[in-house]
Amino acid sequence: MIDVSATAILILGLLYLEFQQQHKLAIKSKSSKVKIVLAIVAAILIVTLFWSTNTISNIRLVILAVLIASIGLYNQGLGKDKVVTYGSIMHASAYSRYDRIITEDIKQGVMVTFWSQKGGSYSLMFDQPISTIRKFLKLNLPQNVKLVTSEEFNRLEEISSQNDYNRQTALLKAIRTRPQRNRLPWQKSQDKTVINQKISRK
């Protein structure tokens, strides 16, 4: 019973912190009705299929079902200093963690992608006009985070790829034109002998 109580306290604490984040939402993302229905159905099925006469097991089932249902009911979106997503407690998804934030007007709405050079990106869909979202982000993003359109992002990636190619080309050229590269081993040792003799004379 002790382990069940500890698990219940831990999950309830997590849910409390998660729903506290809801108050930080300034612009809500587009919610999926399918996601909500699936989460609730999954929670009900888990309880229905695995319900037993064991009280402790049933308590665990109910806790798990509440956790799964909360994922569907949880709202995501933009806060003043972070992206509010499920699991983004404290500063886990602060704007400062991303290098670029990309806005794109697509058929389904406005897609905002949070991109980091270290790897990993996250996208949210919005119903609001792109001008509203960009204005909000410009006011709240740190100075080191770039707000770009999808076209600007693609252009920056092309420039970055070209710069990488130029650096690699220059490096290969430097390696190929090294004086010692194309000399035979006995010639290299001879050069070392001459250098040592010059040093000894000094």
Side-chain angles (χ1 to χ4, degrees), residues 1-130 132-134 136-137 140-142 145 150:
M1 190 67 185
I2 294 175
D3 61 331
V4 174
S5 300
T7 304
I9 292 169
L10 182 63
I11 292 177
L12 290 174
L14 176 64
L15 290 173
Y16 172 75
L17 290 173
E18 290 286 2
F19 280 100
Q20 258 196 335
Q21 299 295 305
Q22 299 289 284
H23 299 294
K24 296 184 177 182
L25 271 174
I27 300 179
K28 289 183 182 180
S29 65
K30 198 173 181 180
S31 59
S32 171
K33 291 181 181 179
V34 175
K35 178 185 172 184
I36 295 169
V37 171
L38 285 175
I40 293 172
V41 169
I44 294 170
L45 282 174
I46 285 173
V47 174
T48 305
L49 294 174
F50 297 101
W51 191 264
S52 66
T53 55
N54 190 311
T55 305
I56 294 176
S57 296
N58 292 338
I59 292 171
R60 286 174 178 163
L61 276 178
V62 171
I63 293 170
L64 180 61
V66 170
L67 184 63
I68 291 171
S70 70
I71 295 173
L73 298 171
Y74 191 83
N75 291 313
Q76 301 182 102
L78 305 176
K80 288 193 173 181
D81 59 352
K82 63 181 291 186
V83 194
V84 179
T85 62
Y86 198 84
S88 63
I89 299 171
M90 304 301 288
H91 301 290
S93 59
Y95 293 135
S96 57
R97 293 185 69 246
Y98 302 98
D99 298 293
R100 294 171 192 163
I101 295 181
I102 308 136
T103 57
E104 185 177 5
D105 219 339
I106 59 175
K107 187 178 179 181
Q108 294 82 3
V110 176
M111 183 168 69
V112 180
T113 302
F114 305 88
W115 181 87
S116 172
Q117 286 182 339
K118 295 178 181 177
S121 61
Y122 191 84
S123 296
L124 291 175
M125 294 291 300
F126 294 87
D127 288 325
Q128 294 83 354
I130 193 169
T132 302
I133 292 170
R134 286 185 66 85
F136 175 83
L137 289 170
N140 293 286
L141 289 182
V145 181
S150 57

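Since the model is a prediction, treat every value here as computed from it, not as a measurement.
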- prompt: Which residues satisfy the side-chain contact (heavy atoms from CB on, under 4.5 Å) test with Ser31, sequence neighbours excluded?
  reply: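 With sequence neighbours excluded, Ser31 shows a side-chain contact (heavy atoms from CB on, under 4.5 Å) to no residue whatsoever.
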- prompt: Under the side-chain contact (heavy atoms from CB on, under 4.5 Å) test, which residues partner Pro129, sequence neighbours left out?
  reply: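 So Pro129 forms a side-chain contact (heavy atoms from CB on, under 4.5 Å) with Ser131, Thr132.
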Go through the structure and list residues passing side-chain hydrogen bond (donor to acceptor under 3.5 Å, both in side chains) with [X], not counting sequence neighbours.
{"X": "Gln108", "result": "none"}
{"X": "Tyr74", "result": "Glu18"}
{"X": "Ser150", "result": "none"}

message: On a heavy-atom basis, which atom in Gly79 and which in Val84 lie closest, and how many Å separate them?
response: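 Residues Gly79 and Val84, closest heavy atoms: N-CG2, 4.2 Å.
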- prompt: Between Gly109 and Met125, what is the shortest heavy-atom contact and its length?
  reply: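 Between these two residues, the closest heavy atoms are N-CE, 3.8 Å.
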Can you tell me how far [atom2] of [Y] sits from [atom1] of [X], rounded to the nearest 0.5 angstrom?
{"X": "Gln128", "Y": "Ile130", "atom1": "CD", "atom2": "CD1", "value": "12.0 Å"}
{"X": "Ile27", "Y": "Gln76", "atom1": "CD1", "atom2": "CD", "value": "14.5 Å"}
{"X": "Ile63", "Y": "Asn58", "atom1": "CD1", "atom2": "CG", "value": "11.0 Å"}

query: Between the side chain of Gln22 and the main-chain N/O of Asn75, is any donor-acceptor distance below 3.5 Å?
result: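 Flag set: sc Gln22 to bb Asn75 pair under 3.5 Å.
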Let me check something: any side-chain donor-acceptor pairs from residues 33-55 under 3.5 Å, sequence neighbours excluded? List them with distances.
| residue | atom | partner | partner atom | Å |
| --- | --- | --- | --- | --- |
| Thr48 | OG1 | Ile44 | O | 2.7 |
| Ser52 | OG | Asn54 | N | 3.3 |
| Asn54 | OD1 | Ile56 | N | 3.0 |
| Asn54 | OD1 | Ser57 | N | 3.2 |

field: Side chain proximity check, Leu137 to Thr103, heavy atoms < 4.5 angstrom
entry: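 They are in side-chain contact.
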task: Under the side chain to side chain contact (heavy atoms under 4.5 Å, CB included) rule, what do Leu67 and Ser70 come out as? Steps first, then yes or no, please.
output: CA-CA 5 Å; Leu67 184 63; Ser70 70; 4.3 Å; yes
message: Enumerate the ring pair (Phe, Tyr, Trp, His ring centres under 6.0 Å) contacts for residues 109-129, please, sequence neighbours excluded, ordered by first and then second residue.
response: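 Passing the test, one end in residues 109-129: Tyr98-Phe114, Trp115-Phe153.
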- prompt: Going by the salt bridge (Lys or Arg N to Asp or Glu O under 4.0 Å) test, which pairs reach into residues 98-110, not counting sequence neighbours?
  reply: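 Only Arg100-Glu157 qualify under salt bridge (Lys or Arg N to Asp or Glu O under 4.0 Å).
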